Amino acid sequence: MKDALERLADVDELDIQTARWRDAGQIEDIKKLVHETSARRERYKVDIPTSCNVAVDQRVVALYENAAKLVGMEGPTNEVVSWLKYEEKQLKVISIVGFGGLGKTTLANQVHNKLKGEFQCGAFVPVSQKPNILKLLHSLLTQLGSGQSFHDCELNVLLDQLRENLKNKSYLVIIDDLWDVSAWNIIRCAFPENNLGSRLIVTTRIKTVAEACCFGHHEHILGMKPLSEEDSRKLFFDRIFCSEEACPGELRDDSVEIIKKCGGLPLAIISISSLLASGSPDQKERWKHVRNSLGSVSGTNLTLEARILNLSYKNLPHHLKTCFLYLGMFPEDSEIYRHQLVRLWVSEGFVSKSHGQSPEQTAISYFNELVNRSLLQPVQVDLDGSVRACKVHDMLLDLILYKSAQENFITVVDNTEAITGVLQKPRRMLFNLDSATLPGDVSMSQVRSFANWRGSMNIPPLAVFKYLRVFKADFSSSSADDNCKTDLTGLCKLYQLRFIWIRGCRKCQIPTQIRGLQMLETFDIDGSCMPMDIFVLPHLLELNVPFVKRLPEGIVKMKSLQHLCRFDLRHNTSLNSIKGLGELTNLSTLYLRISLSFDVDMDALNSSLGKLCNLKFLSISSEDYCIPETLSLSPPPPNLVTLEMMTRSRVPNWIGELHNLQRLELAVEKLDQDGFGILAELPALIDLELTSIIRSPEETIAIYGTSFAILKRFHVILNNKTHLIFQAGAMPKLQSLSMWLSAKGWNQDENAAPTGIEHLLALERISVRIGCLSATESEQRSAESAIRSAINMHPGHAQITVVL
């Protein structure tokens, strides 16, 4: 009905020109539009909520988190590792080739994780079918540790910088999903032949590309094979029942037939087993329906993978189909953060309130359902099992874009020659034209979402987007001169906007006033200026302006605000602003920036923070890396779950009052036994990152047997040789231990290596980075030897990485 109402809004006021309603043609148009809208609503049923909260199925998370345990991976992994470890000093390139869904990326990732500790640096870079080479090279530079910014640089400058960065280092780099030789001919120029034993791994679907990458060395090409019948059965049954023995007898025959139809393809098996697991696993009719559905299309021209993925899509509830198709608005191979995706679904109107839940809570359930069905692949998983970020497999993305084109759900504009005939009332536009412009006669009045990822400065005039709800644009990769700015001031007249996200603000001109955007919920930019009347927007939920120094004085009016990044106390020092912060009681996420050099009323700040009853995440940073000792969360925000805080002199006593704290990131000048004691008693703590800046007053710190009862991850940076002792029974649930230690002076202190690691019985991953600044080669060798000896005491099979 919304389209019909919007058409009605175009008609002049009824009491002035009622005669216009007698126009039979117009009435028929509106009737037709209403029928189309009704049919589309029936097709998608976007306003039907789920009946309850849906959590992430931890069996799905395990599939992606524990790649080492994936069936059928051990043999290929060992084979590639043996090729890479062969004692050749010259640069070697290994290719992994096979069609989509066989697990090429999973294999490359597993090899990378297994060997990265043996190289000085590394990177994992997806390429995709239509690669943005400049963006790809930027990603390489970032991952390889270049601290400089190289935006706006030409191709040859980026290549020269990469070669300079790598010329004296051994490196392991994964080039994932390469599609053509021309892209390889550019990418290969970034890697110098430095005879330091460096290695490249390329994954591709195309044999000729694999051969070109290996310079004719066909013995360096691994062809991926389908899973054996035994491995296929294990993957299928483990996903649904945790073991084949647990499968009910009445489902066994149908299960065996379904497994055969999957042809040994891991992606197909995971998709089908997740589809079956999402229903009632004891319903024989469901198994038989899936079996028959796979067989009924065997005579079509669809590939096996496409048939299986299409079946997964067809079996989605209507509300999930809409949310699933919307994933096509993101670039190929991109990491999609749950927080942003949920906001977008709500802004689009795909989610309604349900059973007392907020739309955001309902949308999180939708997200989890897609994860559980293996239509989203987890790439970042929090320690509580929730998925923070995901990816879409490229074969699923192909399906999404195909279905979206059929349904006129998303229109991809990436080829000027194909524009004619495609742009028939586009509803959501993915604009990927690099330099060309759209024809002037294309109607944009139907567009609800607009996304521009490739940095094109030639976007259509904003005035044509009459009913736009979502505007996302990334100009950061544009090669245009900074003086040539894209005019975005027209955003202030798009009154239906709910979501604004802009990157590369230095290349565009944003509006100075947006008070007319009364429906706006998210404003997220990377610029240093913002509209100063933003505080009058009644529905604003998220304000993400990390580079804006001064916020408007009317911040106290933003009662609906849930996410604020950032409140900079260097420039918002007025007492009214600080007190006003305490009035934002709906805040769940807050980023603060403070400085010792600025006079701030700390009593007022402490009082305001204590009033934020819904605050779950608090980050406090400082330009001089020090937090005033007078800053105190006592009494603390009652629901605080995550605290990130820069340097204090010691662990403050008030941290012990944070009884709901699950994650703590803290830097202290001096780490002592008392400070550890405060942290050890936090009852909900599962993730701890701790940095000690100065040599601790105690030479030894003991972690006692009853401490850190539920801690799962411990990351510690010691810029000294403090001796950590893990006593028996300490950290009984610790899964990941990461330590950064200094090698300087190691010869003079034989007790610097941590002891008692063998008592951490739940450990799965141990990572140690040894800092070599100002350390002699002898000290480095002594440090590495002592640390390896300490780690080797562990009785389990933890994954171990030691990097100098």
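Note: hydrogens, waters and symmetry copies are ignored here, and every other heavy atom, side chains too, is used. These numbers were taken from a predicted model, which means no experiment stands behind them.
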- Note, Y313 side chain near L325 side chain (heavy atom, < 4.5 Å): yes
- Counting N and O atoms only, with roles assigned by atom type, does the side chain of S95 sit under 3.5 Å from a partner on the main chain of A210, one being a donor and the other an acceptor? yes
- Query: How far apart are the closest heavy atoms of N168 and Q120, and which atoms are they?
  - Reply: O-OE1, 3.7 Å
- Nearest heavy-atom neighbours spanning S82 and E79: OG-O, 2.6 Å
- Can you check whether V173 reaches S198 side chain to side chain, under 4.5 Å on heavy atoms? no
- Message: Main chain of A108, side chain of H112: is a donor-acceptor contact present, judged purely on distance under 3.5 Å?
- Response: no
- Say you draw a straight line from CG of L200 to CD1 of I174; how long is it, rounded to the nearest 0.5 Å? 8.5 Å
- Message: So does C189 get a backbone contact from the side chain of R163, meaning a donor-acceptor N/O pair under 3.5 Å?
- Response: yes
- Item | Test item: N372 side-chain N/O and S274 main-chain N/O as donor-acceptor pair under 3.5 Å | no
- Is there a donor-acceptor pair closer than 3.5 Å between any side-chain N or O of S789 and the backbone N or O of S785? yes
- Query: How far does CG of L376 sit from CG of L396, to the nearest 0.5 angstrom?
  - Reply: 8.5 Å
- Item | Check: I269 and I258 side chains under 4.5 Å, non-hydrogen atoms | no
- Would you check, one step at a time, whether the test side-chain contact (heavy atoms from CB on, under 4.5 Å) holds for M73 with T106? CA-CA 9 Å; M73 276 292 155; T106 301; 4.1 Å; yes
- Item | Heavy-atom closest pair, residues V387 and F367 | O-CE2, 3.7 Å
- Item | Considering all heavy atoms, the nearest Y326-L341 contact | CD2-CD1, 4.5 Å
- Query: Sub-3.5 Å donor-acceptor pair from the side chain of K104 to the main-chain atoms of F99, do we have one?
  - Reply: yes
- Does a side-chain N-to-carboxylate-O contact under 4.0 Å join E230 and K234? no
- Task: Would you sort out whether L178 and C213 count as a side-chain contact (heavy atoms from CB on, under 4.5 Å), showing the intermediate values?
- Result: CA-CA 10 Å; L178 188 66; C213 294; 3.6 Å; yes
- K92 side chain vs G197 backbone, donor-acceptor pair below 3.5 Å: no
- Look up atom CG in L140 and atom CD1 in I133, then write down how far apart they are to the nearest 0.5 Å. 10.0 Å
- Message: Do F119 and K169 have side chains that approach each other closer than 4.5 Å (heavy atoms only, starting at C-beta)?
- Response: no
- Message: Please check: side-chain N/O of D177 versus main-chain N/O of T203, any donor-acceptor pairing under 3.5 Å?
- Response: no
- Without hydrogens or angle criteria, can the side chains of K403 and N310 be said to hold a donor-acceptor pair below 3.5 Å? yes
- Item | Chi angles and distances behind the side chain to side chain donor-acceptor pair (under 3.5 Å) call for D176, T105 | CA-CA 7 Å; D176 186 44; T105 300; 2.9 Å; yes
- What residues, two or more places apart in sequence or in another chain, satisfy ring pair (Phe, Tyr, Trp, His ring centres under 6.0 Å) together with F237? none
Report all side-chain donor-acceptor pairs from residues 327-336 shorter than 3.5 Å, counting only partners two or more places apart or in another chain.
unit_1, atom_1, unit_2, atom_2, d
S334, OG, P331, O, 2.8
E335, OE1, Q380, NE2, 3.0

- For the pair D382 and R338, find out whether any cationic side-chain nitrogen is under 4.0 Å from an anionic carboxylate oxygen. no
- Item | Within-4.5 Å side-chain heavy-atom neighbours: L267 and I270 | no
- If you look at every heavy atom in P192 and L91, which pair is closest and at what distance? O-CD2, 4.4 Å
- Item | Test log, rule salt bridge (charged side-chain N to carboxylate O under 4.0 Å, His left out), inputs K507 and D474 | CA-CA 10 Å; K507 296 178 179 291; D474 186 351; over 6 Å; no
- Item | Qualifying residue for side-chain contact (heavy atoms from CB on, under 4.5 Å) with L136, from I175, V127, L141 | V127
- Distance, nearest 0.5 Å, that separates CD of Q90 from CG of N195: 7.0 Å
- Message: As an exercise, state the distance from CG of L737 to CZ of R765, rounded to the nearest 0.5 Å.
- Response: 11.0 Å
- Message: Could you go through I272 and F236, starting from their C-alpha distance and side-chain angles, then the distance that decides it, and tell me whether this counts as side-chain contact (heavy atoms from CB on, under 4.5 Å)?
- Response: CA-CA 8 Å; I272 286 295; F236 180 87; 4.2 Å; yes
- Query: Do NZ/NE/NH1/NH2 and the carboxylate oxygens of R713 and E689 come within less than 4.0 Å?
  - Reply: yes
- Task: Anything under 30° is parallel, anything over 60° is perpendicular, the rest tilted; go ahead and classify W740 against H715.
- Result: perpendicular
- Query: If we ignore angles and hydrogens, is there a donor and acceptor under 3.5 Å between the side chains of R373 and S312?
  - Reply: no
- Query: Would you say the side chain of L309 lies within less than 4.5 Å of the side chain of M395, judging by non-hydrogen atoms?
  - Reply: yes
- Kindly write out the residues that satisfy ring pair (Phe, Tyr, Trp, His ring centres under 6.0 Å) with F191, not counting sequence neighbours, or none if the list is empty. Y171
- Query: With side chains defined as the heavy atoms from C-beta onward, is the minimum distance between L222 and V97 less than 4.5 Å?
  - Reply: no
- Message: Show, in sequence, the C-alpha distance, side-chain angles and deciding distance for K712 and L734, and conclude whether the side-chain contact (heavy atoms from CB on, under 4.5 Å) test is met.
- Response: CA-CA 4 Å; K712 294 183 179 181; L734 193 70; 5.7 Å; no
- H794 side chain vs L760 backbone, donor-acceptor pair below 3.5 Å: yes
- Message: Just verifying a value: how many Å separate L375 CG and H393 NE2, rounded to the nearest 0.5 Å?
- Response: 12.0 Å
- Query: For V413, does its backbone N or O pair with a side-chain atom of N432 as donor and acceptor, under 3.5 Å?
  - Reply: no
- Item | Any side-chain heavy-atom pair of K85 and R199 under 4.5 Å | no
- Task: Please check if any side-chain donor atom of Q143 sits under 3.5 Å from a side-chain acceptor atom of S139, or the reverse.
- Result: yes
- Minimal non-hydrogen separation, A790 against A753, with atom names: CB-CB, 4.5 Å
